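Here is the structure we will look at, set down as structure tokens.
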Amino acid sequence: MRKIAVSALLVVLGALALTAAAATAPGQTTSLTIYSGREERLVKPIMDRFTKETGIELKIRYASSSALATALVEEGRNSPADIYWSQEPGLLGLVSARGLLARLPQKTVGKVSTRFSTPSRRWVGTSARSRVLVYNTNELRPNELPQSVWGLTNAKWKGKIAVAPTNASFQAFLGATISLFGEARVRGWLEGLKANGVRFYPSNTNVVQAVGRGDVQVGLVNHYYLYNVLADTPNLPVRNYWFRDGDPGNLVLAAGVGIVSSTQKSSTAQRFVDFLLSKTAQRMIARGVGAAEYPLVKGVPRRPGLPALTAIKGPKYNLGRLSADIAPAVRLLIEEGFIR
Amino acid sequence: MNARAATAASSPGRRAPRLLVGAAILVALAAVVPVAYLAVRALSADEAARALAPLSTTIGLAWDTAVLAFGVVVATLVVGVPLAWLVVRTDLPWRRFWGLAASLPLVIPSFVAALALLGAFAPRGLLQELLEPLGVDRLPEVTGYWGALVALTLATYPYVYLLAAAGLRGVDPSAEEAARSLGARPGAVFWRVTLPALRPSLAAASLLVALYVLSDFGVVSLMGYSTLTTAIYVRYESLLALEAAAILALALVALALLVVFAASRWRTRGAVYRSTPGAGRAARVVELGAWRWPALAYCSLVVGLFLVLPVGVLVWWSVSADPITGRADVAWSAAAGSAGVATATALIAALVVLPAAFLSWRHPSSLSRWLERLTLLPSALPGIAVALALVFVGARLGSPIYGSLGLLVAAYVIRFMPYGLASTRASLDAVSPRLEEAARSLGRRPLGATTAVVLPLARSGVLAGAALVFLSTLKELPATLLLKPIGFETLATEIWKGTSIGAFSAVAPSALLLIAIAAPLVYLLSWRNAWELGAAE
């Protein structure tokens, strides 16, 4: 029996040692830890390409951009992250306001229009995306769709609208709209949607699929989810629709990247950021399988069939403000019962 | 047991070894400190954070959570008790088979059950395809409250069935006979004598079920029913509101403790005792007669809906190609991850509860009783609360602890060690302290006497506890989502990832594999037991 006890103890110690080793194993090769708020199935080819070109191994934590921002704030100087790649500029702004992002060189930030970075150079945009309305083409024609996102509170849309309230882009759209039009008007709009029996889905992908199935007829999402869903199910009767010029429903947002200030590997991290702004990566972001975001670097064409980025007339809004505008949006969503 | 414990305590010169006390205190602290820190964070939240967990929302969520838990408890009693009565007390045909089939759903993790139900009842899903030729073109929608209720009932009614079956076999038949001899009809005997005698078993089972529902995250998310756990997760995941999540987690812990309190009141109120000690006589077998047909129909319905249907859906998905990705793969690395962490957790949990179990058995005192209670406390702590607490603590400690597999295993151990302790403690109760004293008097040193004499006798309890911990770890979802290290996946998270992009059928093989890993353990824990129960005349 003692033998059994001793061997059991050895097994336990062995397991513990393995656990510890797995936790602390130092990378033999150079490696970077990426906090990626971008979905794995969207960006994995880009990550793989980076490793292939540079030999630098990537440890990637995939989670929502918000969860990663929360983690970075909570971890502070202890963070294992070298890079934060976010779906939303507002979250980058929030993390940088805590002093957790390093300043990027002008050479890097300069590759991208000033519209998609901030003067403090703590982050730089990697792609642009537009908010759109997706609609079911079997049920509706474009001329039947509302001229403005405000029009969705019209009783004719009762039971036909889908949104994804926990999605960071939806929250960003709402935050920007609150900032531009005031909380009261946005609250009224949310209440109108509720009165119209708006349906909630966990993600933009789910919204596009629900519109395609005909569960609902219209949904508020980012423009590229359509292409992502069509790559899997090409015959789905869904298309993008832009509201009239200047409408908040056409807000143009950006995904962006920053270097975490506590990193010990600034130059390697810099290589990763520069790679994301290289023509290779930008082409993958813009035109990979199921990809349809707007590239931000000159000389990389957008996906055929998309309107030019400059042709999309969103509201006049500075993305640098988003970090302050998300919190009111989230509070409103909870108060109005869009999120419980 | 109490008398035995008292004599052990009164043995002269038997001071509890300091090392053992120290170890037990450390383990108890590990159980309590993270949650205490969670409370500190929740109570120190500023106004902005509190706005994201307003009182009205918190109360509303707690209410919805409690209503679901209550509904599932009622449903599992309604399903489990008649089934147990039919198997144990009647001449139902094929009782062994029904006994086995009734406990089988234990191998199906509840979120997998939810997945299968959603798939089966979805518009243009499996059931509709099967029923279309019969003219059925519309099925009830199994989502929201009722969807969650069905999936959770499926996953938890075996607890009620197993405990009720064991209870029924333990009920003293002489009370029932007395009632009958006094002219009570069979129905009255069941309601007024048998059922009250079952109350301790049913209270214990209901407590298990209620705590299961309170901690559930997977089912309610998939079914789109908001509870405290989903609200905590949303705040962590999407709202930059860690402190608001802590507030809701604290509310969830309070709700769980309330349930524990209520169950203990219910268990002891109006207790019914045996009039004769020991095994006694077996109860009279009820002859069903023509009632056997409805009884068989009932058993078939339960087994069909709760076992054949979900497994059938998974198999169907596995063999038919996924319409979206066109492939259905098993995630082997995730399977290795699941098995690895579950093994490590089971071993560590079995080991760390030994000091507390041994102390409360061999050296009963108010200290040892408190240590035991504190170590049992996490059984009432929902996994997401433990995980959130460790996120707070871990982020403060930084690397290499934070983001390591070790922290995830620590969360599992804290969450599931009560199972190990309860099981080990129960088997120790059956060991007479005299045996250890005899070994000591024959010259064995204290540690030697324990390992050579006591542990082998308590082995079955230690093993059963470890098996239960293994099984629970295998199915764990929310804590794993919050704490898993970079690049590490378990079958549960792999399945979860698939469902979040709507690729239900793509994860079916992984779900079947998870069931296959769980099955031998469930066999060890309950099938054998159920088989014996079913076979007992």
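As a basis for the values below, the full set of heavy atoms in this structure was taken, side chains included, without hydrogen atoms, waters or symmetry mates. These numbers were taken from a predicted model, which means no experiment stands behind them. Here is how names work: the chains are called A, B, and so on, in the same order as the sequence lines, proteins then strands, and each is numbered from 1.
- When each of B:Leu61, B:Thr343, B:Val234 is checked for heavy-atom pairs under 4.5 Å with chain A, B:Leu61 comes out on top.
- Between the side chains of A:Tyr35 and A:Glu75, at least one donor N or O sits under 3.5 Å from an acceptor N or O.
- Identified by a heavy-atom distance below 4.5 Å to chain B, the contributing residues of residues 321-330 of chain A are A:Ile326, A:Val330, in residue-number order.
- Comparing A:Arg61, A:Gln171, A:Arg340 by heavy-atom pairs within less than 4.5 Å of chain B, the highest count is held by A:Arg340.
- Side chains of A:Asn206 and A:Ser203: a donor-acceptor N/O pair is present below 3.5 angstrom, by distance only.
- Ranking A:Ala67, A:Ala168, A:Ser65, A:Ala63 against chain B, the residue ahead of the rest is A:Ala67, based on heavy-atom pairs under 4.5 Å.
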Salt bridge (charged side-chain N to carboxylate O under 4.0 Å, His left out) for A:Glu40 and B:Lys497? Distances and angles first, verdict last.
CA-CA 10 Å; A:Glu40 182 171 2; B:Lys497 244 185 3 193; 3.6 Å; yes
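- Aromatic ring pairs are classed by plane angle as parallel below 30°, tilted from 30° to 60° and perpendicular above 60°; the pair B:Trp496 and B:Phe217 is tilted.
- By the 6.0 Å contact criterion, NZ on A:Lys44 is open, its count of non-hydrogen atoms from other residues, nucleotides or ligands being 12 or less.
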Do A:Arg331 and A:Glu335 pass the salt bridge (charged side-chain N to carboxylate O under 4.0 Å, His left out) test, and can you show the C-alpha distance, the side-chain angles, and the key distance before you say yes or no?
CA-CA 6 Å; A:Arg331 188 171 41 75; A:Glu335 283 172 6; 3.4 Å; yes
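- With sequence neighbours excluded, no residue forms a salt bridge (Lys or Arg N to Asp or Glu O under 4.0 Å) with A:Lys265.
- When atom types are taken as modelled, the side chain of B:Tyr412 and the backbone of B:Met417 share no donor-acceptor pair closer than 3.5 angstrom.
- No side-chain heavy atom of A:Asn136 sits under 4.5 Å from any side-chain heavy atom of A:Val238.
- For the pair B:Val67/B:Tyr145, a side-chain contact is recorded, criterion being any heavy-atom separation below 4.5 Å from C-beta on.
- Contact count against chain A (heavy-atom pairs under 4.5 Å) is highest for B:Leu240 among B:Leu240, B:Val391, B:Thr227.
- For the side-chain contact (heavy atoms from CB on, under 4.5 Å) with B:Val220, the lone residue among B:Asp64, B:Thr65, B:Thr229 that qualifies is B:Thr229.
- Contacts between residues 44-52 of chain B and chain A, defined by a heavy-atom separation under 4.5 Å, are made by B:Ala51, B:Leu52.
- Aromatic ring pairs are classed by plane angle as parallel below 30°, tilted from 30° to 60° and perpendicular above 60°; the pair B:Tyr37 and B:Phe392 is perpendicular.
- Ring orientation note: the planes of A:Phe200 and A:Phe338 are tilted relative to one another, at an angle of 30° to 60°.
- Only the side chain of A:Thr33 has a heavy atom closer than 4.5 Å to any heavy atom of chain B.
- At a heavy-atom separation below 4.5 angstrom, chain B is approached by A:Leu91, A:Leu94 within residues 81-98 of chain A.
- No side-chain donor from either of A:Ser64 and A:Ser66 sits under 3.5 Å from a side-chain acceptor of the other.
- Of the atoms belonging to B:Pro485, not a single heavy atom falls under 4.5 Å from chain A.
- For the residue pair A:Asn222 and A:Ser169, a side-chain donor N or O sits within less than 3.5 Å of a side-chain acceptor on the partner.
- At least one donor-acceptor pair closer than 3.5 Å links the side chain of B:Thr490 to the backbone N or O of B:Thr493.
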